[in-house]
Amino acid sequence: MTMIERKTIDLEQGWEFMQKGITKLKNILEGLPEPQFNSEDYMMLYTTINNMCTQKPPHDYSQQLYDKYRESLEEYITSTVLPSLREKHNEFMLRELVKRWKNHKVMVRWLSRFFHYLDRYFIARRSLPPLNEVGLTCFRNLVYQELNGQVRDAVISLIDHEREGELIDQVLLKDVLDIFVEIGMGYMDYYENDFEAEILNNTAAYYSRKASNWILEDSCPDYMLKAEECLRREKERVSHYLHSSSEPKLLEKVQHELLSVYATQLLEKEDSGCHALLRDDKVEDLSRMYRLFSKIPRGLEPVSSIFKQHVTAEGTALVKQAEDAASNKKAENVVGLQEQVFVRKVIELHDKYMAYVNECFMNHTLFHKALKEAFEIFFNERVQNELLSVFATQLLRDDKVEDLSRMCRLFSKIPRGLEPVSSIFKQHVTAEGTALVKQAEDAASNKKAENVVGLQEQVFVRKVIELHDKYMAYVNECFMNHTLFHKALKEAFEIFCNKGVAGSSSAELLATFCDNIQKKGGSENLSDEAIEQTLEKVVMLLAYIADKDLFAEFYRKKLARRLLFDKSANDDHERSILTKLKQQCGGQFTSRMEGMVTDLTLARENQTYFEDYLHKNSDANPGIGLTVTVLTTGFWPSYKSLDLNLPQEMVRCVEVFKEFYQTKTKHRKLTWIYSLGTCDINGKFEPKTMELVVTTYQAAALLLFNASDRLSYSEIMSQLNLNDDDVVRLLHSLSCAKYKILNKEPNTKTISPTDYFEFNPKFTDKMRRIKIPLPPVGEKKKVIEDVEKDRRYAIDASIVRIMKSRKVLNHQQLVMECVEQLGRMFKPDFKAIKKRIEDLITRDYLERDKDNANLYRYLA
């Protein structure tokens, strides 16, 4: 098998064939009658170049063909393109240039396809410029270098015509300027150096001429309208035919010539400059001024300076006007009125120019600063002190919410301006709260009966809650939730909330208020939602009470009565307030109260087990219905545990329950609190038999009369084994109160040791079931004593904690740290702390330094 050798093509023969194809391409581009290239034509031309470049040396004509590619382009440009351009001028020359550039790119594209082998192999190996680049370079060197000056001038001439309002062919300019960009082959040097630099100079000169005339002829608003329109058009010009990179440079030139050069003259124009626009409230023109001058370097500084001068002048005029009016006063009330008018006008002035800052001047910091400085100048400390107090107090007194909001906005702009406002707010709230305390004390001093006093105290707490709601709304809405006003409100409430009313502390009043709304039959008839909201507000008020531990003890006592005597209206409310108190004061504050609630639930379960026990052990049944509530001593308030001599019927009940309880646990001791017990007993009177609901003490006393018709005071006391106070209380309730179950000799209203008692068989009442209450025991004194005792323990614990960590501490520091630690629950007295320190020294917890009596050391 033999290989057919390819025939060698010499350079002249091959190039002659290529010349025919190139001539055909030129004719097509020139619009001469010539058929289009078909695929066969293209393949023949491509194959010829391919074969001429792949022949063995010396017949490899790659370099020669590379050179002839460039020469053929240069020849076409020199013989055809340049003559056609030289004979045309201005817009016609531009159109011819665009046409020739488009044709040249087509020619380069087709020749690059014919000579593709060179691009793919020869040029890559020799690191020569690609064919496309060679083609564009030919046009740049022969056409662009000769004509770019004429082209640039023709383009700028058309732009000038457009600026004067004539219509031009924008598409043509876009095509021409694209040549400046494309000729750089990825670089902007030719566009920037040969065109952009000149158009920028031309633009500056053009607008310099325009501005010099407009500044003399036009008012400031008219001038700004023209300037804004010019900037808009130049921006459109860029989008239509200039390169996008020219936009910032072009606009900077226009802004400089129209605004920077004439800024001072424009702003200070008489009757139409910035002062006049502010004076005449030309909001739209001021907005335009801001838009224009914000675009030039430091352009807003003179505008803000004029703004500051204008506001200062207006404010100073207001001060002068107020001072003149005050000097002509006839009566004190007129002065107050003048001061109110002045402050109201200042607020209106501030609102007006704050709106300018926000809307016209786009909330710019320069204008905020200018407004602030202007107000600092004329609305100085002297003016504030002389005029603010009357006006602010009047607004608070008259509940002028909107005016207070505006006043807060104004004074927040002035350094430390809100401090005097918050001080006045504090004084006002303190005065209103103190007036409530005085009103409650006056009402209590005029009391006719105990229940009226309780009602007055309830009204007082309710009014304090309403006062807090009112002024908390002021803080949140009028005073923008500012910390200064939160602090003022807190300090004001701390002043009057820690004052007592008619001998009762605020802690007791709050606890009583809570008790009243949570117990069955309380005076507050509220929905569940209203109770929940009220309890939340009470807890909020508790934050202002110094003696939180005293509140806790009073509340615990009252909670115990509600739970033990089934007086609680809703268990959910009980748990809810404990949760709120825990969040406010910590877990230690509510731990015993939460234990009481849990304890009662366990006690109910225990009673169920006891009833099951009686059902299963019929011999153990005492024959009397018995309910026992077993409590944990640590959770509940302390109660007197007297060794009452129970009637035989009740003794059996106690024994049965003890037997049951021993089946559950043998490690707990039961202590019976008979003072908390109740009994239902049947009284057989001559008119009718009645059911009496009495305490255990009362029941034991009444049952004595089953065995005796007549008993003396001393006999009752000895048989019951009670002390004098308890005997007096129970006998008074049975013989001197509303229900006289016993007759007393002598028939007086007081109980004495010489009295005799006998059953009253003729007693009757319209009800078949009556409850006979015992006179209440004053618990307040005991609560206060318990709290004082707990405080001593708390102070001891705090001192030991501090000294254990610090080891050595001087007296002053120890006292201050102790006060800080305990301050959340109560404010310890310095004397009490000193006393506890002395006690701890005697108990060998601390010792005094031998050289310095004010220094303490911890003894491990």
Side-chain angles (χ1 to χ4, degrees), residues 210-232 254-255 258-296 298-325 341-379 383 402-403 406-407 409-410 413-414:
K210 291 291 183 184
S212 62
N213 293 325
W214 292 346
I215 197 69
L216 298 174
E217 299 166 0
D218 296 325
S219 66
C220 177
D222 291 343
Y223 185 99
M224 290 192 298
L225 275 169
K226 288 181 177 178
E228 195 168 51
E229 181 61 20
C230 290
L231 286 165
R232 186 187 65 78
V254 180
Q255 288 158 7
L258 294 182
L259 300 171
S260 299
V261 173
Y262 294 103
T264 306
Q265 283 176 261
L266 186 62
L267 292 173
E268 295 179 359
K269 261 186 175 288
E270 197 173 349
D271 298 327
S272 69
C274 188
H275 274 296
L277 297 180
L278 287 164
R279 182 193 64 212
D280 300 335
D281 300 327
K282 298 291 185 183
V283 176
E284 195 175 332
D285 290 328
L286 287 167
S287 299
R288 183 174 291 108
M289 181 176 281
Y290 173 83
R291 288 198 301 272
L292 291 171
F293 281 86
S294 65
K295 292 179 172 67
I296 63 175
R298 305 186 71 175
L300 290 176
E301 288 181 11
V303 182
S304 67
S305 178
I306 293 169
F307 177 67
K308 176 183 169 182
Q309 293 166 22
H310 178 80
V311 177
T312 305
E314 280 209 22
T316 306
L318 280 181
V319 173
K320 179 74 167 60
Q321 183 182 331
E323 286 175 341
D324 291 346
V341 169
F342 165 70
V343 180
R344 194 176 295 282
K345 283 185 177 178
V346 171
I347 290 172
E348 288 168 358
L349 185 76
H350 186 267
D351 285 353
K352 172 184 174 181
Y353 288 114
M354 181 54 78
Y356 277 31
V357 171
N358 293 333
E359 293 161 22
C360 303
F361 305 132
M362 304 297 289
N363 223 4
H364 197 283
T365 51
L366 262 180
F367 292 89
H368 275 291
K369 183 170 177 283
L371 183 66
K372 175 175 168 289
E373 289 174 354
F375 269 78
E376 284 172 5
I377 291 169
F378 75 84
F379 202 58
V383 175
E402 194 174 333
D403 287 336
R406 293 164 72 196
M407 186 171 71
R409 290 198 300 273
L410 164 62
K413 306 299 175 187
I414 300 164

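- No donor-acceptor pair under 3.5 Å is formed between the side chain of Ser305 and the backbone N or O of Glu301.
- Counting heavy atoms of neighbouring residues, nucleotides and ligands inside a 6.0 Å radius, atom NZ of Lys282 does not exceed 12 of them.
- Listed here is the closest heavy atom pair of Arg291 and Lys295: O-NZ, 3.0 Å.
- Pairs passing the salt bridge (Lys or Arg N to Asp or Glu O under 4.0 Å) check and including a residue from residues 359-370, sequence neighbours excluded, read Lys369-Glu373.
- Inter-residue side-chain proximity for Glu314 and Leu278 is flagged as unmet; no heavy-atom pair is nearer than 4.5 Å.
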Could you walk me through whether Glu348 and Lys345 pass the salt bridge (Lys or Arg N to Asp or Glu O under 4.0 Å) check?
CA-CA 5 Å; Glu348 288 168 358; Lys345 283 185 177 178; over 6 Å; no
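- Residues Cys274 and Met289 form a side-chain contact, since some pair of their non-hydrogen atoms from C-beta on lies under 4.5 Å apart.
- Test Val357, Leu366, Leu286 against Phe307 for side chain to side chain contact (heavy atoms under 4.5 Å, CB included) and you get one pass: Val357.
- The pair Lys226-Glu229 fails the salt-bridge criterion, with no side-chain N (NZ, NE, NH1 or NH2) lying under 4.0 Å from an Asp/Glu carboxylate O.
- Minimum heavy-atom separation, Ser304 to Ala370: O-CB, 3.5 Å.
- The shortest distance between side-chain heavy atoms of Leu371 and Tyr356 does not fall below 4.5 Å.
- Looking at Asn358 and His364, their side chains never come closer than 4.5 Å, going by heavy atoms from C-beta outward.
- Judged by distance alone, the side chain of Asp222 and the main-chain N or O of Asp218 form no donor-acceptor pair under 3.5 Å.
- Here the OG-CD distance, from Ser212 to Glu217, works out to 9.0 Å after rounding to the nearest 0.5 Å.
- Here the CD atom belonging to Gln309 is positioned 9.5 Å from the CD1 atom belonging to Ile377, to the nearest 0.5 angstrom.
- Between Leu292 atom CG and Leu259 atom CG the span is 5.5 Å, to the nearest 0.5 Å.
- Smallest separation of non-hydrogen atoms from Met224 and Asp285: CE-O, 3.5 Å.
- The shortest side-chain heavy-atom distance between Thr312 and Phe375 does not fall under the 4.5 Å cut-off.
- Two residues are said to be in side-chain contact when any heavy atoms from C-beta on lie closer than 4.5 Å; Pro302 and Thr264 fail this criterion.
- In this structure, OG in Ser260 is found 4.0 Å from CD1 in Ile296, a value given to the nearest 0.5 Å.
- Across Ser272 and Cys220, no two heavy atoms sit closer than the pair O-CB, 2.9 Å.
- The salt bridge (Lys or Arg N to Asp or Glu O under 4.0 Å) contacts involving residues 265-277 comprise nothing, where partners must be two or more places apart or lie in separate chains.
- Here the shortest heavy-atom pairing between Leu349 and Val311 reads CD2-O, 4.4 Å.
- Scanning all heavy atoms of the two residues, the minimum distance from Tyr223 to Ala211 falls at OH-CB, 3.5 Å.
- Residue Arg232 places its CZ atom among more than 12 non-hydrogen atoms of other residues, nucleotides or ligands, all under 6.0 Å distant.
- By the 30° and 60° cut-offs, the orientation of the rings of Phe361 relative to Tyr290 is tilted.
- Annotation: ring pair (Phe, Tyr, Trp, His ring centres under 6.0 Å) contacts of His310 (sequence neighbours excluded): Tyr353.
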